[in-house]
Amino acid sequence: MDGVPTPLRCFRDCHSAEMFVDDGVQTVTSVEQKKVERSIEEVISVYKQMHNLPQPTLLREQHYQYLKKGLRHLSDAYECLDASRPWLCFWILHSLELLEEPIPSAVASDVCQFLARCQSPTGGFAGGPGQHAHLAPTYAAVNALCIIGTEESYNVIDREKLLDFLWSVKQPDGSFVMHVGGEVDVRSAYCAASVASLTNVLTPKLFEDTTNWILRCQNWEGGLSGVPGLEAHGGYTFCGTAALVILGNEHMLDLKALLRWVVSRQMRFEGGFQGRCNKLVDGCYSFWQAGLLPLLHRALFKEGESELSRQQWMLDQRALQEYILLCCQNPTGGLLDKPGKSRDFYHTCYCLSGLSIAQHFGNVDLHHETILGSEENRLAPTHPVYNICPEKVAKALQHFHRLPVPEDRRQPGAPATDRPSDPDAASDTLS
Ligand code: FPP
Ligand code: ZN
């Protein structure tokens with residue numbers, strides 16, 4: 001590769017030392033792993049044949065067109081996400097803000113009106129109009145409204161009822177169920193802490209015992225599981241860690257064990273991350289796993305581990321960017337899990353979020369960027385706790401902190417209907 005200005009990891013040596021060795025024992029897992037590595041080798045070899053200068057390019061325009069269309073029209077393939085419609089708003093709007101593409105004001109206003117229809121009369125947001133409130137779409141809707149960041153979008157959120165809803169899903173042991181009568185896992189603690197902090201309804205009472213419950217999810221592997229006692233997984237590890245950051249208690253984790261676990265999830269051949277030990281690389285973990293590194297960096301620094309936090313940041317930023325740019329882009333727009341998979345808005349959002357993390361974090365100087373390829377590949381930075389752009393976090397906090405925290409007299413599991421509600425407002429949101 002003589003003459004190439006910035007040699008790429010895969011272009012240097014992608015055939016030997018970094019590939020998986022099964023020691024002569026074939027299992028379903030080892031066969032799948034080798035298949036993925038071969039498909040990546042193939043992608044790289046095709047890329048090398050097609051391009052003289054191996055500088056991977058972000059297909060900005062194609063992604064922009066794919067996202068723009070998705071805001072107005074979704075194919076039949078999205079029918080299964082009928083209970084996740086605020087997520088589609090968030091995935092698309094966040095991808096657009098990372099690409100620094102403005103959202104036309106008419107589109108922003110339509111999204112606000114749609115999300116208002118997803119707001120439940122008992123507080124929180126549902127997956128679609130007329131459905132029951134659930135913490136996951138509540139998180140997605142609040143994030144989407146904060147990305148829009150206008151008076152109209154902030155005013156959609158009924159904060160008093162949001163607090164009622166959060167109490168209705170709070171459990172006496174400090175955990176949260178995802179919806180009334182639903183399952184407990186650490187995603188819910190993150191969704192609750194995220195929306196409560198952004199909208200200034202967070203009270204110490206609401207999160208009483210939550211820290212202890214989350215800490216019980218960190219297991220012997222170093223990562224966190226969905227509930228205490230299960231296998232560590234990147235999605236849950238991100239949620240638990242980010243929730244503790246919001247609650248100011250991340251120092252209570254075993255930070256070094258967590259760091260060891262997460263850096264071991266970056267695949268040495270593929271460059272992307274796996275979600276858990278012995279599983280396959282997937283583009284979406286570029287955010288759920290790599291997003292942990294800025295959180296850990298800050299936590300270790302605060303703990304006085306300046307030596308550790310000064311070291312080259314244990315995330316191979318270039319390898320991750322290479323995986324996303326070479327293996328996760330659909331040539332007609334949108335990003336995906338791994339070669340051979342279809343594009344979708346979830347993977348588009350989290351591949352781009354991970355690409356942003358890999359470009360902007362992981363260095364001694366957090367403001368220093370490491371952009372693989374040309375400047376054109378540069379994305380806007382993302383806030384590693386909320387995963388929306390930092391200025392949108394600041395603007396939302398500024399807006400909602402001007403308003404008082406709603407009075408908090410509630411108890412875990414309290415029905416969300418305690419507060420007398422305005423019947424007109426309820427019919428407005430469901431129309
Ligand atoms: C495993 O799927 C996936 C999980 C067990 C949950 C993942 C959780 C998240 C991505 C976090 C969601 C966050 C919020 C805010 C709601 P799998 O077995 O298909 O994948 P794998 O083989 O990669 O583990
Ligand atoms: Zn995925």
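Values reported hereafter were calculated over all heavy atoms of this structure, with side chains retained and with hydrogens, waters and symmetry mates removed. Start at 1 and go down the list; that is how both ligands and their atoms are numbered.
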For residues 243-251, dump all side-chain donor-acceptor pairs below 3.5 Å to protein atoms at least two apart in sequence or in another chain.
from, atom 1, to, atom 2, distance (Å)
Asn249, ND2, Thr211, OG1, 2.8
Glu250, OE2, Lys302, NZ, 3.2

* Structure fact -> ligand 1 to Tyr190, heavy atom cutoff 4.0 Å, flagged ligand atoms 15 (C)

* Taking only heavy atoms of Gly235 into account, list the atoms of ligand 1 that are under 4.0 Å away from them. => 8 (C), 9 (C), 10 (C), 11 (C)

* **Near the Zn ion (ligand 2) (cut-off under 2.8 Å), count of protein N, O or S atoms** => 4

* Going by distance alone, is a donor N or O of one side chain under 3.5 Å from an acceptor N or O of the other, for Ser109 and Glu152? -> yes

* Phe238 near ligand 1, heavy-atom distance under 4.0 Å? -> no

* Structure fact -> Paired with Glu97, the side-chain contact (heavy atoms from CB on, under 4.5 Å) test is passed by just one of Cys389, Pro102, Ser356, namely Cys389

* **Donor + acceptor pair across side chains of Glu221, Asn219 (<3.5 Å)** => yes

* **Close aromatic pair by centroid cut-off 6.0 Å: Phe345 and Tyr78** => yes

* Asked: Phe165 and His134: aromatic ring centres closer than 6.0 Å?
  -> no

* To do: Could you tell me which residues satisfy side chain to side chain contact (heavy atoms under 4.5 Å, CB included) with Thr57, sequence neighbours excluded, listed by chain and number?
  => Asn377

* Test item, Trp87 contacting ligand 1 (heavy atom, 4.0 angstrom) -> yes

* Could you list which atoms of ligand 1 come closer than 4.0 Å to a heavy atom of Tyr285? => 20 (O), 21 (P), 23 (O), 24 (O)

* From Arg187, Met178, Gln274, Arg276 - option closest to atom 16 (C) of ligand 1 by heavy atom -> Arg187

* Please could you name the atoms of ligand 1 that Tyr346 approaches to less than 4.0 Å, counting only its heavy atoms? => 10 (C)

* Looking only at heavy atoms of Cys239, does any of them come nearer than 4.0 Å to an atom of ligand 1? -> yes

* Structure fact -> Test side-chain contact (heavy atoms from CB on, under 4.5 Å), reference Thr382, set Asn387, Leu355, Ile388, output is Asn387

* For atom 13 (C) of ligand 1, which candidate among Trp288, Tyr139, Tyr350 holds the nearest heavy atom? -> Trp288

* Please name the residue in the list Leu292, Asp282, Leu315 that meets the side-chain contact (heavy atoms from CB on, under 4.5 Å) test with Phe273. => Leu315

* What do you think, any protein heavy atom under 4.0 angstrom from atom 19 (O) of ligand 1? -> no

* Asked: Can we call the ring centroids of His63 and Tyr66 under 6.0 Å apart?
  -> no

* Set of side chain to side chain contact (heavy atoms under 4.5 Å, CB included) partners for Val263, sequence neighbours left out -> Leu259, Leu293, Met314

* To do: Specify the protein heavy atom at minimum distance from atom 3 (C) of ligand 1: its residue, its atom name, and the distance to 0.1 Å.
  => His233 NE2, 3.5 Å

* Asked: Looking only at distance, does Lys279 have an N or O less than 3.5 Å from an N or O of ligand 1?
  -> yes

* Show your reasoning for whether ring pair (Phe, Tyr, Trp, His ring centres under 6.0 Å) applies to Phe207 and Phe176. => CA-CA 9 Å; Phe207 289 94; Phe176 288 80; 5.4 Å; yes

